[in-house]
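Note sheet for the following structure.
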There are 2 protein chains.
Amino acid sequence: MTDPAQFRLQDFLPYLLNHAAEEAGQGFSRIYKDRYGMLRTEWRVLAHLGQFGPMDATRIGIMARVHKTKISRAVTALQDKRFVTRTLDGDDRRRATLCLTQAGQAAYTDLAAIAQDYDRTLLARLSAEEHAGLLDCLRKLGGDLPKD
Amino acid sequence: MTDPAQFRLQDFLPYLLNHAAEEAGQGFSRIYKDRYGMLRTEWRVLAHLGQFGPMDATRIGIMARVHKTKISRAVTALQDKRFVTRTLDGDDRRRATLCLTQAGQAAYTDLAAIAQDYDRTLLARLSAEEHAGLLDCLRKLGGDLPKD
DNA sequence: GGCTAATAGTTGTATTTGTAACCAACAATG
DNA sequence: CATTGTTGGTTACAAATACAACTATTAGCC
């Protein structure tokens, strides 16, 4: 029933998704890398804090779907860059709330604007309907984002 | 004109693409990893040889959009697994043609069948139109595949 | 032919990542 | 209120990756 001979690598979703993600991500990653020496996870942590406000590492990990060790290292790097501060939670002293510094906020604002433009140029290849349909499909495939 | 405040991370294409790609790729990668101890690039090399027949490393790198050092190491690993053979080209002795062994062919056939099923389960969440539209968008975003 | 440049592929090394083990601090149960 | 289990987060070490430098072979050109 499943005939391996008719498998088409070019239509295989993980393959196509990966190419598209790599292609789309590369251009932008060069930006935060060149401008701020950030790695992808650092950008993500910054973006989450910029978008959703202060929160702890675990929360970011869940929202961004990133393992806690990666978050931990990204946070250390962002602290070194003076982009985030950690303040221990009084009630539960295992936990620490992460917060953007002014410099971190500025970097986020800068990158968010660039990201928007970047997104627009990516989407220039697509019609509005295609765009909408694509986001829809990607959300279905990516699993539901934990919304809060 | 580009107001950073209205940047929506959840709609940012590189972010969505990456999530979807990771989510989609993970399940399948566990399969070739568990069954054959292969890494992603090894699976890709195997898949290209299985799909398109014998070719040299450079060609695979171009088609799969993978750097030559990664290809080189994947090929070494596949040779160690007795899945591919290298035969030096007579005309140009820098070049070597890679070819699946019987075991390599068998592994490819096995994985191709699984990949097909896997793809189907991924696509179960999408309608036929969505599927078609998605492939279309991903091809546009991923850049044109070098077809030969 | 003899020189320089280009190409196929490999290797070295510094970063990055993944996995597991770990240390606190807190929670729950007896 | 001890003891066992969880949870937030870090660290250690192995594996994988990126990037540059390298070898070997071919190509172009005077």
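Numbered from 1 within each chain, the chains take letters A, B, ... in sequence-line order.
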Kindly state whether the ring of A/Phe28 and the ring of A/Trp43 have centres lying under 6.0 angstrom apart. yes

Between A/Ala96 and B/Thr69, which is nearer to the 5' end of DNA chain D once each is assigned its nearest nucleotide? A/Ala96

Give the rounded distance in Å between these two atoms: CG of B/Asp56 and C1' of D/dT25. 14 Å

Hey, is the main chain of B/Gly25 close enough, under 3.5 Å, to the side chain of A/Tyr15 for a donor-acceptor pair? no

Atom pair distance, as rounded to whole Å: CG in B/Asp80 and P in C/dT10: 12 Å

Would A/Met55 and A/Tyr108 show up in the same hydrophobic cluster when neighbours are defined by side-chain heavy atoms closer than 4.5 Å? yes

Rounded interatomic separation in angstrom, taking CG from A/Asp91 and P from C/dA27: 9 Å

Give the nucleotide from the list C/dG9, D/dT26, D/dG9 with an atom nearest to the side chain of A/Lys68. D/dG9

Looking only at side-chain N and O atoms, does A/Thr58 come under 4.0 Å of OP1 or OP2 in D/dG9? yes

Is there a side-chain polar atom (N or O) of B/Arg86 under 4.0 Å from OP1 or OP2 of C/dT10? yes

Quickly work out the B/Tyr32 OH to D/dA16 P distance and round it to whole Å. 12 Å

When rounded to whole Å, the CG to P distance for the pair B/Leu88 and D/dT25 reads 9 Å

Please confirm whether the shortest side-chain N or O distance from B/Lys70 to OP1 or OP2 of D/dA18 is below 4.0 Å. yes

Atom pair distance, as rounded to whole Å: CZ in B/Arg44 and C1' in D/dT17: 14 Å

Among D/dC19, D/dT10, D/dA12, the nucleotide that comes nearest once only the side chain of A/Arg73 is considered: D/dA12

When all nucleic acid strands are considered with a 4.0 Å heavy-atom cut-off, which category describes B/Leu39: base, sugar-phosphate, or nothing? sugar-phosphate

Counting the atoms with a prime plus P, OP1 and OP2 as sugar-phosphate, which does B/Asp89 contact under 4.0 Å by heavy atoms, base, sugar-phosphate, or nothing? nothing

B/Leu78, B/Leu100, B/Thr97, B/Thr101 screened by side chain to side chain contact (heavy atoms under 4.5 Å, CB included) with B/Thr85, the one that passes: B/Thr101

Expressed as a whole number of angstroms, how long is the span from A/Ile71:CD1 to C/dT16:P? 16 Å

From the options D/dG9, C/dC26, D/dT25, select the nucleotide whose nearest atom is closest to the side chain of A/Arg95. D/dG9

To the nearest angstrom, how far is A/Asp92 atom CG from C/dC26 atom C1'? 6 Å

Consider the side chain of B/Arg94, meaning its heavy atoms from C-beta on, and name the nucleotide among C/dT10, D/dT10, C/dA6 that approaches it most closely. C/dA6

Using heavy atoms to find the nearest nucleotide of DNA chain C for A/Lys33 and A/His67 separately, return the residue whose nucleotide is more 5′. A/Lys33

A/Gln51 side chain near B/Arg8 side chain, heavy-atom distance below 4.5 Å: yes

N or O in side chain of A/Ser72 less than 4.0 angstrom from D/dT10 OP1/OP2: yes

